[in-house]
Amino acid sequence: MPKQVDHEGRRRLIAEAVCRLADERGLEGVTLRDVAARAQVSMGAVQRCFSTKEEMLDFALGHVGERIGERVRARLVRSPAQSAGTALGHAATEISLLREEHRAQARVWLAFVAQAVVSEPLAATLKTNYAALEQTFTRLVAEALEDVADAAGAVTEAGDRAAAEPLDPRREARALLALADGLTTHVLIGHLAPQEAHDVLHAHLGALWERAAH
C-alpha cells in the first residue's frame with residue numbers, strides 16, 4: 001500500500017523550517033530550496049504543500065500567530081480564579097515576547113511584520129491575528145474596569161464621578177497591544193532590557209487601574 005502522508009503535519013513542519021531560517025537570516029534569506037533542506041523533505045514535497053513562496057510564508061505567519069495565541073489562552077485558563085486585571089497582565093506579557101525563551105519567536109514575528117508592509121496576504125493574516133487579540137484584550141479590560149469600579153465604590157459615588165471621562169475598553173485594549181508590540185522591538189534592538197520593558201508594561205496597567213478608580 002502507498003505510504004499515507006500527513007499533509008497538514010508536513011505543512012507545519014515546513015512552517016517551522018521557515019521560522020528557523022527567518023530567525024537566522026530574515027525573510028529575504030528564506031528560499032524554497034533551503035526550506036526543503038531544513039525541513040528534511042524534497043523540493044517537490046514543499047511545492048505540493050504550497051504553490052508559491054508567498055503562500056508558504058503566509059501559512060508560516062499564521063502558524064506563529066497560532067502558537068502565540070495558544071500560549072495566551074493557556075495562560076488565561078491556568079488559574080481560573082485570577083482577576084481579569086491579573087489575567088490581562090499575564091496575556092500582555094505573553095504577547096510582548098519579552099522572555100529569553102521567546103526571543104527567537106519575537107525576531108521571526110517582527111520579520112513577518114516588516115514583510116507585511118509590502119505583502120497584502122501577510123498584512124491580511126496579521127490583521128486577523130490582531131483582531132482576535134484585540135477582542136480578547138477588550139473583554140479583559142472591560143471586566144477589569146468593572147472590578148476596579150466596584151472596589152472603589154463607583155456605584156454609590158456616581159455623582160462624584162460624573163465629570164470623569166469613561167474609559168473605553170476597546171481603545172485601552174488597542175493601546176495595550178500597541179505598547180506590547182513596541183516593547184518587543186525595543187528589547188530586540190537592545191534599547192530596553194527585558195525587565196525594564198516588563199516594568200513599563202505593568203506601570204501602564206497600574207496607571208490604567210488608577211484612572212479607573214478615580
Side-chain angles (χ1 to χ4, degrees), residues 7-41 43 45-47 49-76 90-134 136-137 174 176-198 200-201:
H7 186 70
E8 193 60 25
R10 178 165 287 177
R11 282 163 65 88
R12 288 193 295 271
L13 177 69
I14 291 169
E16 288 290 340
V18 170
C19 291
R20 290 195 297 273
L21 288 169
D23 178 35
E24 296 168 9
R25 313 174 185 176
L27 287 182
E28 65 278 5
V30 175
T31 68
L32 293 178
R33 185 175 303 279
D34 287 344
V35 168
R38 186 61 61 94
Q40 297 184 327
V41 298
M43 278 280 290
V46 175
Q47 291 168 330
C49 288
F50 303 103
S51 57
T52 65
K53 177 181 176 179
E54 190 157 66
E55 182 185 340
M56 180 181 69
L57 293 179
D58 188 48
F59 181 84
L61 171 57
H63 179 67
V64 174
E66 285 175 9
R67 289 177 60 192
I68 295 173
E70 287 169 2
R71 198 163 61 245
V72 170
R73 289 188 292 272
R75 190 70 184 265
L76 293 179
H90 289 328
T93 299
E94 289 295 339
I95 69 162
S96 298
L97 303 172
L98 299 179
R99 292 199 292 272
E100 181 62 36
E101 63 265 32
H102 299 152
R103 201 60 47 79
Q105 195 172 63
R107 288 191 293 267
V108 172
W109 179 258
L110 289 184
F112 275 113
V113 171
Q115 186 66 24
V117 175
V118 293
S119 169
E120 289 186 8
L122 291 181
T125 298
L126 273 176
K127 285 188 284 188
T128 297
N129 289 338
Y130 279 124
L133 286 171
E134 182 183 304
T136 298
F137 275 43
R174 286 176 168 175
L176 185 55
L177 283 170
L179 175 61
D181 260 3
L183 290 174
T184 303
T185 302
H186 283 235
V187 169
L188 281 182
I189 66 173
H191 175 64
L192 291 175
Q195 185 58 50
E196 291 174 323
H198 183 275
V200 169
L201 179 62

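With values rounded to the nearest 0.5 angstrom, Ile68 atom CD1 is found 8.0 Å from Leu133 atom CG. The structure places CG of Leu32 at 6.5 Å from CD of Gln47, a figure rounded to the nearest 0.5 Å. With values rounded to the nearest 0.5 angstrom, Phe112 atom CZ is found 9.0 Å from Leu126 atom CG. In this structure, CG on Leu183 lies 6.5 Å from CG on Leu192, to the nearest 0.5 angstrom. Between the OG1 atom of Thr136 and the CG atom of Leu177 there is a distance of 9.5 Å, given to the nearest 0.5 Å.
Heavy-atom minimum distance, His191 versus Glu196: O-OE1, 4.5 Å. When every heavy atom of Arg71 is checked against every heavy atom of Leu97, the shortest pair comes out as NH2-CD2, 3.0 Å. Scanning all heavy atoms of the two residues, the minimum distance from Ala111 to Leu27 falls at O-CD1, 3.5 Å. Residues Arg11 and Cys49 approach most closely at NH1-O, 2.8 Å, considering heavy atoms. Between Leu98 and Pro194 the shortest heavy-atom distance is O-CB, 3.6 Å.
The salt bridge (charged side-chain N to carboxylate O under 4.0 Å, His left out) pairs that include a residue from residues 119-133 number zero, where partners must be two or more places apart or lie in different chains. Within the structure, side-chain hydrogen bond (donor to acceptor under 3.5 Å, both in side chains) contacts touching residues 107-116 (residues at least two apart or in different chains) are Asp23-Arg107.
For Leu21, the side-chain contact (heavy atoms from CB on, under 4.5 Å) criterion is met by Glu24, Arg25, Val30, Asp34, Val35, Arg38, not counting sequence neighbours. In terms of the salt bridge (charged side-chain N to carboxylate O under 4.0 Å, His left out) criterion, residue partners of Arg99 (sequence neighbours excluded) are, by chain and number, Glu94, Glu101. For Ala39, the side-chain contact (heavy atoms from CB on, under 4.5 Å) partners two or more places apart in sequence, or in a different chain, are Leu13, Ile14, Ala17, Val41.
With Thr184 contributing its side chain and Ser96 its backbone, the two residues share a donor-acceptor pair below 3.5 Å.
Of the charged side-chain nitrogens involved, at least one lies within less than 4.0 Å of a carboxylate oxygen, so that Glu100 and Arg103 count as a salt-bridged pair.
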Ignoring hydrogens and angles, write down the donor-acceptor pairs under 3.5 Å from the side chains of residues 55-64, residues two or more places apart or on other chains.
unit_1 : atom_1 : unit_2 : atom_2 : d
Glu55  : OE1    : Ser51  : N      : 3.1
Glu55  : OE1    : Ser51  : OG     : 2.6
Asp58  : OD1    : Thr125 : OG1    : 2.4
His63  : NE2    : Glu16  : OE2    : 2.7

Before you tell me yes or no, could you show the steps for Tyr130 and Asp181 under side-chain contact (heavy atoms from CB on, under 4.5 Å), namely the whole-Å CA-CA distance, both residues' side-chain angles and the distance that decides it to 0.1 Å? CA-CA 11 Å; Tyr130 279 124; Asp181 260 3; 2.4 Å; yes
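Under a cut-off of 6.0 angstrom, the local environment of CD in Gln40 is sparse, with at most 12 non-hydrogen atoms contributed by other residues, nucleotides or ligands.
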